[in-house]
Chemist: 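Handing you this structure, nothing more for now.
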Amino acid sequence: MRLASIAFGAVIAFLPTFACAQETTLRAVTAFAEKTTYSRGFERFIERVNEAGKGVLHINYIGGPKAMPPFEVGNALKSGVIDLANATGAFYTNVMPEADAWKLTQRPMAELRRNGGFDYMARLYAEKMNAIFLARVVDNNPFHLYLNKPISGADLTGLKLRITPVYRDFFQALGATVVQTAPGEVYTALERGVVDGYGWPITGIFDLGWNEKTKYRVDPGFYTAEVSILVNKAAWDKLTAQQKDILSAAAARGESEVSEFTEENAKDTKRQADAGIQTIKLDGAAAATYYSKAYEAGWAGVIRQSPEHGPKLREFFSKPQ
Ligand code: 173
């Protein structure tokens with residue numbers, strides 16, 4: 001009798017240990033400042049996974065650029081220093097130049113997941129980055145050029161602009177001089193007059209106070225911003241089917257929410273006008289030159305960096321003219 005109850009007690013004592021041993025923790029980093037526009041989709045994803053994953057899977061959100069420089073996130077994910085990343089392709093072209101091509105998609109992710117474009121990229125992520133592409137959480141969100149000096153046409157000669165790889169080929173094709181910085185350095189570069197302007201999407205310029213140092217936004221916008229959730233492949237392969245399902249369900253939900261950007265875009269467009277940022281609206285012919293140059297220079301850049309895969313990606317991602 002006594003022996004039996006001791007044995008029972010031992011089983012009870014071990015139960016919580018078993019439960020803990022089965023909970024996997026994944027370390028996560030975002031390439032954008034915490035709680036700002038381009039981390040928000042990831043933060044929602046983390047909340048959902050941690051809610052659905054109680055006792056099974058937990059994401060430890062280490063944070064943003066204060067924890068790791070944005071341009072190092074890709075390498076950290078590839079090497080397994082972190083398990084999960086929220087980043088845009090332009091931030092890890094050192095690991096995988098093709099990732100910057102997401103900005104050129106003219107078809108929604110749901111279509112790319114059907115037409116082979118997603119699978120093509122997924123293979124490159126596995127091979128070049130040791131990564132699984134879980135979800136694109138930013139789309140339908142055009143980039144713009146923001147300036148402190150006016151322009152009158154599609155000519156950027158004499159302007160020095162802050163860029164990432166997203167804008168490099170395009171702005172240079174229009175004659176600009178470019179300087180690459182992480183988002184965290186934009187405010188100071190504007191304040192000191194080191195740059196005359198910068199590239200950034202239509203949303204988010206208020207997050208880090210750039211509205212205070214911005215006079216003009218150039219229309220039209222071009223491309224569509226991409227921010228996505230990636231998992232280290234070795235970490236993924238170690239997960240149980242249940243754990244993978246939890247991540248996949250939260251990922252699918254996040255990707256379906258990119259339609260919300262249509263409303264966010266309109267809100268920030270108005271907020272910029274209310275903040276006194278003037279719109280430089282290129283007229284018909286100049287707008288057409290500017291817009292077509294964006295795609296022409298963008299694809300030329302992708303193909304130059306990846307002669308093997310660039311042309312194939314262009315077929316999958318572009319809408320026929
Ligand atoms: O301008 C940038 O830093 C950049 O490349 C980017 C990409 C996606 C979303 C926001 C910014």
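Both counts, for ligands and for their atoms, begin at 1 and track the order of listing. Predicted model, so just to flag it, every value in this text is computed and none were measured.
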Chemist: Starting from atom 11 (C) of ligand 1, find the nearest protein heavy-atom neighbour and note its residue, name and distance.
Modeler: Trp200 CZ3, 3.5 Å

Chemist: If the cut-off is 4.0 Å to any non-hydrogen atom of Val166, which atoms of ligand 1 fall inside it?
Modeler: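 Ligand 1 atoms under the 4.0 Å threshold to Val166: 5 (O).
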
Chemist: Have a look at Pro165, Ala31, Ala225, Pro201 and point out the one with the heavy atom closest to atom 10 (C) of ligand 1.
Modeler: Pro201

Chemist: Work out whether the distance between some heavy atom of Tyr198 and some atom of ligand 1 is less than 4.0 Å.
Modeler: no

Chemist: Looking at Arg44 and Glu257, is any side-chain nitrogen of the basic one under 4.0 Å from a carboxylate oxygen of the acidic one?
Modeler: yes

Chemist: Would you call Val138 and Phe261 a side-chain contact if the rule is heavy atoms closer than 4.5 Å?
Modeler: yes

Chemist: If we check side chain to side chain donor-acceptor pair (under 3.5 Å) with Thr203, which of these qualifies: Asn265, Thr37, Asn141?
Modeler: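 The single option meeting the side chain to side chain donor-acceptor pair (under 3.5 Å) with Thr203 is Asn141.
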
Chemist: Which of parallel (below 30°), tilted (30 to 60°) and perpendicular (above 60°) describes Phe143 and Tyr223?
Modeler: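 Taking Tyr223 first and then Phe143, their aromatic rings stand perpendicular (interplane angle over 60°).
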
Chemist: Using a strict 4.0 Å cut-off to heavy atoms of Thr164, name the atoms of ligand 1 that fall inside it.
Modeler: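 Listed by number with element, the hits are 1 (O), 2 (C), 3 (O), 4 (C), 5 (O).
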
Chemist: Got a salt bridge between Asp196 and Lys149, using NZ or NE/NH1/NH2 to carboxylate O under 4.0 Å?
Modeler: yes

Chemist: Specify the protein heavy atom at minimum distance from atom 1 (O) of ligand 1: its residue, its atom name, and the distance to 0.1 Å.
Modeler: Tyr167 OH, 2.5 Å

Chemist: Considering the heavy atoms of Gly199, write down every atom of ligand 1 situated less than 4.0 Å from one of them.
Modeler: 1 (O)

Chemist: Provide the number and element of each atom of ligand 1 under 4.0 Å from a heavy atom of Pro183.
Modeler: 3 (O)

Chemist: Could you say whether the N/O atoms of Tyr38 and ligand 1 ever approach to under 3.5 Å?
Modeler: no

Chemist: State plainly whether the residues Lys281 and Asp283 are in salt-bridge range, i.e. N to O under 4.0 Å.
Modeler: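 No, no charged N to carboxylate O under 4.0 Å.
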
Chemist: Work out whether the distance between some heavy atom of Arg162 and some atom of ligand 1 is less than 4.0 Å.
Modeler: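 Arg162: in contact with ligand 1 (<4.0 Å).
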
Chemist: Can you tell me the protein heavy atom closest to atom 8 (C) of ligand 1 and the distance?
Modeler: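 For atom 8 (C) of ligand 1, the nearest protein heavy atom comes out as Thr88 OG1, 3.7 Å.
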
Chemist: What do the steps show when you test Glu98 against Lys128 for side chain to side chain contact (heavy atoms under 4.5 Å, CB included), and what is the final call?
Modeler: CA-CA 10 Å; Glu98 295 86 356; Lys128 298 195 167 201; 2.8 Å; yes

Chemist: Does the pair Arg40/Glu43 count as a salt bridge with the N-to-O cut at 4.0 Å?
Modeler: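 Between Glu43 and Arg40 there is no salt bridge, as every charged N stays at least 4.0 Å from the carboxylate O atoms.
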
